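Heads up, the thing below is written out as C-alpha cells.
Given the structure is predicted, the values throughout are model-derived calculations rather than measurements. All heavy atoms count here, side chains included; hydrogens, waters and symmetry mates do not.
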Amino acid sequence: MTDSEVAVGVTHVADDTMKMTGCGSCGMYMILEGAPGKSFVCMKCRLIELMEEKIRGLEMQVESLVEFRKGFEQIMEQRHEVSEGKSSDLQMEAGLGNFEGRLGEESGQWKHVTKRTRQRKRWASEGEIELQNRFAELENEEGAQQVVTEGDRARKKRRAVSPIGKGEELMEITPNMSPRRIQDGLKRITRENGNGKNLQPEGTGDRLENSTVTRKRQVYVIGDSLLRRIDRPVTRADPENRRVCCLPGAKIRDVDLRLKRILKGAGKNPLIILHVGTNDTARFSLESIKGDYVRLGRTLKEIEAQVIFSGILPVPREGQQRCDKIMTINRWLRQWCYKEGFGMYGHWEAFMDRGQFSRDGLHLSREGNRLLGWRLAQLIKRALN
C-alpha cells in the first residue's frame, strides 16, 4: 500500500468521526467529534439562558422592593394623617382657650390676634438688680475657719476609706483620677514602704477588668481547595477580623459537620461566605447534592449570621456533561438561596478562560487565584457596607 492510499484512508476516518451538528436553539451549525445528543445547545445559547435567568431574578427582586415601598408609603401616609388630626384638635382647643381668656380680659371687646404674635420680654430695671459679693464670707475669720474645717473632714473621710494602714504614706484619691493613675500611685507607695501589700482601692480592679472593648464584625470564608492562596487579597483590609478556612477535598457534608467548630467565638452576626460543591458534582447525583445543601442551610439558620454562597466554578477537564451538571446546580442554588434568605454570588462568566486553571483542569492557576480572591474581597466590602 502506498503513502497516498494510507493518507486517503486516514482522511475517510476523520470524516467519519467529525460530524456537522446544528444547535437546537439558534440553528447554527458546528463540526463536532462523535455523535452529539439530540438536544444539543451551543455555549453561546447557554450563556444567553443564564443571562435571562439572572434578569428574571433581578425582576423578582425589583417587584418585591416596589411592593415594600408601596406598603411603607401607605403606613407613613396613615401616620401623617393621624398626626395631622391630633395637631388640628390641639390647635382648636388652644384657640378656644385663648379666645375665652381674651374675652374675659377685654370684657367682651374683640381684638385681632395674628399667629406670630408673641409677648415682649420684660427686662428688669436697673433698680431691681441685686449686687452681692460671693467672697464676702472669706473675708471674715469665722467663714474662713468654717471652710477649712469642712475640707479637713472630707479629706479624713477619704483617708479612712483607703486600705492603707497606720504609719504608711497616704495618697488622696479624687473622683477625677483615672484607674491607671491610682494604680501607679499605689505601686510607688508599695515600693517605698517595702511591705508588698496590695494597696489597691476596692472596685478599681473590677473596673479595669470589666472594661469592654468593641469588636469589629468577623468575616469567615470557608470552602474546598479552590480557596488556596486567596488569603492575602481577602484578609489584607482587616487581618484581625477576616479568616480563610481552606478544607482540601471537602464536600458539602464535611463543611456542615465542621461549621460550628470553625465559627466558635465568631462573635455577633458574622459574615460567612461558603465556596463548596465542586467535589460533590463528581460523585453524587443532583438530588443528593440538593439535599446536602438543604441540610447545610438548616445548620446555618441555627447560627445568627449573614450567609453568602459562592457559585461553583467550571471544570474544564471533565467536558461538557460535567459543565451542564454544574450549571444546573448553580441555577437551583440561586433560586434556593433567594427562597431561604441567603445570598448567592456566581463566577461562571469570569472563569471561562482556560488559562485561569492549572494543568489538571480542576484547580486554579495563580492568575485564577488572584481573580477569585479579588472578587471575594469586593463581595465582602459590599456586604459589610
Side-chain angles (χ1 to χ4, degrees), residues 23-26 39 41-73 219-224 226 252 255-256 269 271-278 280-281 284-301 303-315 320-353 356 371-385:
C23 177
S25 179
C26 63
S39 58
V41 180
C42 62
M43 182 61 69
K44 292 182 179 180
C45 294
R46 290 194 184 93
L47 292 177
I48 292 173
E49 291 177 0
L50 184 62
M51 188 68 69
E52 290 176 352
E53 185 178 353
K54 285 188 175 182
I55 291 172
R56 286 193 295 270
L58 291 174
E59 288 176 352
M60 293 173 62
Q61 294 180 3
V62 169
E63 290 177 358
S64 61
L65 289 174
V66 169
E67 292 177 359
F68 174 79
R69 184 174 181 180
K70 289 180 179 179
F72 181 77
E73 290 177 353
V219 179
Y220 287 83
V221 181
I222 306 170
D224 49 22
L226 292 177
I252 302 173
V255 174
D256 187 14
N269 192 23
L271 173 61
I272 304 172
I273 299 176
L274 297 171
H275 185 90
V276 66
T278 304
D280 296 79
T281 58
F284 304 117
S285 62
L286 292 176
E287 299 300 327
S288 178
I289 295 172
K290 292 178 182 179
D292 292 340
Y293 271 119
V294 171
R295 282 188 288 272
L296 178 59
R298 293 173 186 167
T299 305
L300 290 168
K301 285 188 176 181
I303 306 169
E304 295 182 0
Q306 181 182 0
V307 182
I308 301 176
F309 280 88
S310 178
I312 305 175
L313 301 181
V315 183
Q320 193 63 39
Q321 185 177 2
R322 178 84 173 272
C323 291
D324 292 342
K325 185 177 181 180
I326 294 174
M327 290 179 67
T328 304
I329 294 173
N330 283 336
R331 284 195 294 266
W332 175 86
L333 183 62
R334 184 178 296 276
Q335 297 174 359
W336 177 74
C337 289
Y338 180 77
K339 179 181 177 182
E340 297 294 331
F342 301 138
M344 200 276 182
Y345 188 61
H347 311 276
W348 190 270
E349 295 84 357
F351 288 88
M352 295 300 295
D353 187 5
Q356 295 169 348
L371 177 60
L372 181 60
W374 178 81
R375 289 176 65 86
L376 293 179
Q378 295 298 317
L379 174 63
I380 294 170
K381 183 179 178 181
R382 290 197 299 269
L384 293 178
N385 295 334

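- Put simply, the side chain of Leu274 does not reach to within 4.5 Å of the side chain of Ile252, judged on heavy atoms.
- Between Glu53 and Arg334, no side-chain nitrogen of the basic residue sits less than 4.0 Å from a carboxylate oxygen of the acidic one, so the salt-bridge criterion is not met.
- By the 30° and 60° cut-offs, the orientation of the rings of Phe351 relative to His347 is perpendicular.
- Between the side chain of Asn330 and the backbone N or O of Gly346, no donor-acceptor pair lies under 3.5 Å.
- For the atom pair CE of Met327 and CG of Leu50, the computed distance is 5.5 Å after rounding to the nearest 0.5 Å.
- Rounding to the nearest 0.5 angstrom, the gap separating the CH2 atom in Trp336 from the CD atom in Glu340 is 6.0 Å.
- Leu371 places a side-chain heavy atom less than 4.5 Å from the side chain of Arg375.
- With contacts defined as side-chain heavy-atom distances shorter than 4.5 Å, the pair Tyr345/Ile273 does not qualify.
- In terms of modelled atom types and a separation under 3.5 Å, the side chain of Ser288 and the main chain of Ser285 share no donor-acceptor contact.
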Practice item. Would you sort out whether Ile329 and Asp280 count as a side-chain contact (heavy atoms from CB on, under 4.5 Å), showing the intermediate values? Key: CA-CA 11 Å; Ile329 294 173; Asp280 296 79; over 6 Å; no
**Study point:** Trace of the side-chain contact (heavy atoms from CB on, under 4.5 Å) decision for Asp292 with Arg295
**Key:** CA-CA 5 Å; Asp292 292 340; Arg295 282 188 288 272; 2.4 Å; yes
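- Here the shortest heavy-atom pairing between Gly343 and Cys337 reads O-SG, 3.9 Å.
- Contact record, Leu376 with Ser310: CD2-OG, 4.4 Å, taken as the closest heavy-atom pair.
- The distance from atom SG of Cys42 to atom CD of Gln320, rounded to the nearest 0.5 Å, is 10.0 Å.
- For the pair Ile272/Ile308, no side-chain contact is recorded, criterion being any heavy-atom separation below 4.5 Å from C-beta on.
- Counted within 6.0 Å of CD on Gln321, heavy atoms from surrounding residues, nucleotides or ligands total 12 or fewer; the atom is thus considered open.
- When side chains are defined from C-beta on, Glu59 does not count as touching Val62, because their heavy atoms never get closer than 4.5 Å.
- Remark: Glu304 CD is loosely packed, at most 12 non-hydrogen atoms of other residues, nucleotides or ligands lying under 6.0 Å away.
- Salt bridge absent: Glu49 and Lys44 never bring a charged side-chain N and a carboxylate O closer than 4.0 Å.
- For the pair Lys70/Glu67, no side-chain contact is recorded, criterion being any heavy-atom separation below 4.5 Å from C-beta on.
- By the 4.5 Å heavy-atom criterion applied to side chains, Thr328 and Lys325 are not counted as neighbours.
- Atom CH2 of Trp332 sits in a crowded spot, with more than 12 heavy atoms from other residues, nucleotides or ligands closer than 6.0 Å.
- Residues Leu372 and Leu226 approach most closely at CD2-O, 3.6 Å, considering heavy atoms.
- Between Phe309 and Phe342, the ring-plane angle classifies as tilted under the 30° and 60° cut-offs.
- Considering every non-hydrogen atom in both Gly277 and Tyr293, the closest pair reads CA-OH, 3.9 Å.
- The main-chain N or O of Thr299 is never found under 3.5 Å from a side-chain atom of Asp256 such that the two would form a donor-acceptor pair.
- Summarising the geometry of Trp348 relative to Leu313, their closest heavy-atom pair is CZ3-C, 4.2 Å, with the distance given to 0.1 Å.
- Remark: Asp324 engages Arg46 in a salt bridge, criterion side-chain N to carboxylate O under 4.0 Å.
- Nearest heavy-atom pair, Ala383 versus Leu271, reported as atom, atom and distance to 0.1 Å: CB-CD2, 3.8 Å.
- Around CZ of Arg382, the count of heavy atoms belonging to other residues, nucleotides or ligands within 6.0 Å exceeds 12.
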